[in-house]
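For reference, the structure is listed below as structure tokens.
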Amino acid sequence: MISKKIKDIMQSGSAIRAMFEEGKRLAEVYGKENVYDFSLGNPSVPAPKAVNEAIVKIAQNTDTLALHGYMLNSGFESVRKTIADSLNSKYGTRFAFKNIVMTVGAAGGLNVVLKSIINEGDEVIVFAPYFGEYNNYVANVGGKVVVVPPNPPTFQPDLKAMKSLVSGRTKAVIINSPNNPTGVIYGEDTLKELGKILKEQSEKKGEAIYLISDEPYRELVYGDYQVPFLTKYYDNTIVGYSYSKSLSLPGERIGYLAIPDEAEDCDNLLAACGVATRILGFVNAPSLQQLVIEQCIDEKTDVSAYDKNRKLLYNALTQYGFECIEPQGAFYLFVKCPIEESKFVAKAKEYNILIVGGKSFACEGYVRIAYCVSYDMIERSLPYFKKLAEDTVK
Ligand code: PLP
């Protein structure tokens, strides 16, 4: 018999994954070119050429144990040093290799950090709309998610509401900017204020409230927008990074945690993250991908392709009468439903348009459209979005 916990998770399901599966089914019935699947944040821009070349070169030239063997749970020291140096030169930080723990993507990093800090019954504050998997990650370690309500139309975090939700059990706050699902980048003043509140509240509590910054979209930024680096504003910040989106490598499962010396209990926390990596069964992040990152530290994805998609879709949908905030980063459009959410998602599906309801992100009445797809698919989908608007927008 499977456990009650996993049964509950299976029953509540992932609407995103369910839509993705539905997309595959519809493609078999109607043909791939007649299905407009905007459900999953699966990057369509190819990984940089240098990444594929590095994979081949490393596989051909590296000694078996050095490439395929067990290693420190936190990862290769040389790789961690390369990442620390790169962060220092970009953000003026002072990371050494010991401040970096290699992880199995952002999801692996979040699970490792939560395992390292959460005691049964501890609370983790999140800002809606948020990546729904946080619920599972926090529940896995016996914690409780406390949700700050959404703050439309800007979707900047509502700090007053957050402050009112801090309790004696608050152990961490998770933020994600550029944000999935809104595409919003949290402003520098807001983040400074967030740091100030958390410092006050930590002092009041007599123990650090950690700020976990979930950053898989850090480099996916449009125009002149800047993503502030959070350790500048708050010492107890844990940065969780991933190459899934920034180098189009979601299946390769590679990322890292960066924890500054200034964080409370830093050395113990870093050691705990190493242990958590081991006992969660990751043991270490994939060795080949670690070495690829070391060689490709300065590689970048082609953000201009996502930008082109963003402009096409945003301009068309707003012209048809839909309301949504213009994304500043990531590759999602968060559109207000002109009719009740589940009816809108179902209506879109009648045109073979697959999108995910805001309920999955604790923000009912919206849908998320992932535009990390081909430009061509967006162009082909537009007549159907137009029909959807004619059916639903008053
Ligand atoms: N956090 C957010 C906000 C995400 O959108 C995702 C993936 O879509 C993840 C974490 C997980 O990323 P990874 O594939 O690196 O585990």
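Order of listing sets the numbers, starting from 1, for every ligand and every atom in it. These figures come from a predicted structure and were not determined experimentally.
- At a 4.0 Å cut-off, at least one heavy atom of Pro216 sits close enough to ligand 1 to count as contact.
- The shortest N or O to N or O distance between Arg253 and ligand 1 is below 3.5 Å.
- Ion pairing between a basic and an acidic side chain is recognised when a charged N comes within 4.0 Å of a carboxylate O; Arg25 and Glu22 show such pairing.
- For ligand 1, the atoms lying closer than 4.0 Å to a non-hydrogen atom of Ser244 are 13 (P), 14 (O), 15 (O).
- Considering backbone and side-chain atoms together, Ser242 places an N or O closer than 3.5 Å to an N or O of ligand 1.
- A salt bridge links Glu262 with Arg94: the closest approach of a Lys/Arg side-chain nitrogen to an acidic carboxylate oxygen falls below 4.0 angstrom.
- Taking the charged nitrogens against the carboxylate oxygens, Lys5 and Asp8 have no contact shorter than 4.0 Å, which rules out a salt bridge.
- Within the 4.0 Å heavy-atom criterion, the part of Tyr217 lying near ligand 1 is the side chain and not the backbone.
- Atoms of ligand 1 found under 4.0 Å from any heavy atom of Ala107 (numbered from 1 in listed order, with element): 11 (C), 13 (P), 16 (O).
- Aromatic ring orientation, Tyr256 versus Tyr241: parallel (interplanar angle below 30°, classes split at 30° and 60°).
- Outside the 6.0 Å centre-distance limit, the rings of Phe385 and Tyr351 are not counted as a close aromatic pair.
- Selection from Lys245, Glu133, Glu215 by nearest heavy atom to atom 7 (C) of ligand 1 gives Lys245.
- When all heavy atoms of Lys245 and Pro43 are compared, the pair lying nearest together is CA-CG, 4.1 Å.
- Ligand 1 has an N or O atom lying under 3.5 Å from an N or O atom of Asp214, backbone or side chain.
- Not one N or O of Phe131 is nearer than 3.5 Å to an N or O of ligand 1, by distance alone.
- At a 4.0 Å cut-off, not a single heavy atom of Tyr130 sits close enough to ligand 1 to count as contact.
- Side-chain contact between Asp376 and Arg380 is present, with at least one heavy-atom pair separated by less than 4.5 Å.
- Residues Ser304 and Asp302 bring a donor and an acceptor atom of their side chains to less than 3.5 Å of each other.
- Residue Asn176 has at least one heavy-atom neighbour below 4.0 Å for each of these atoms of ligand 1: 3 (C).
- Remark: minimum distance from atom 12 (O) of ligand 1 to any protein heavy atom is reached at Ala106 CB, 3.6 Å.
- The shortest N or O to N or O distance between Leu110 and ligand 1 is not under 3.5 Å.
- Using bins of under 30°, 30° to 60° and over 60° for the plane-to-plane angle, the ring pair Tyr332/Tyr217 lands in the perpendicular bin.
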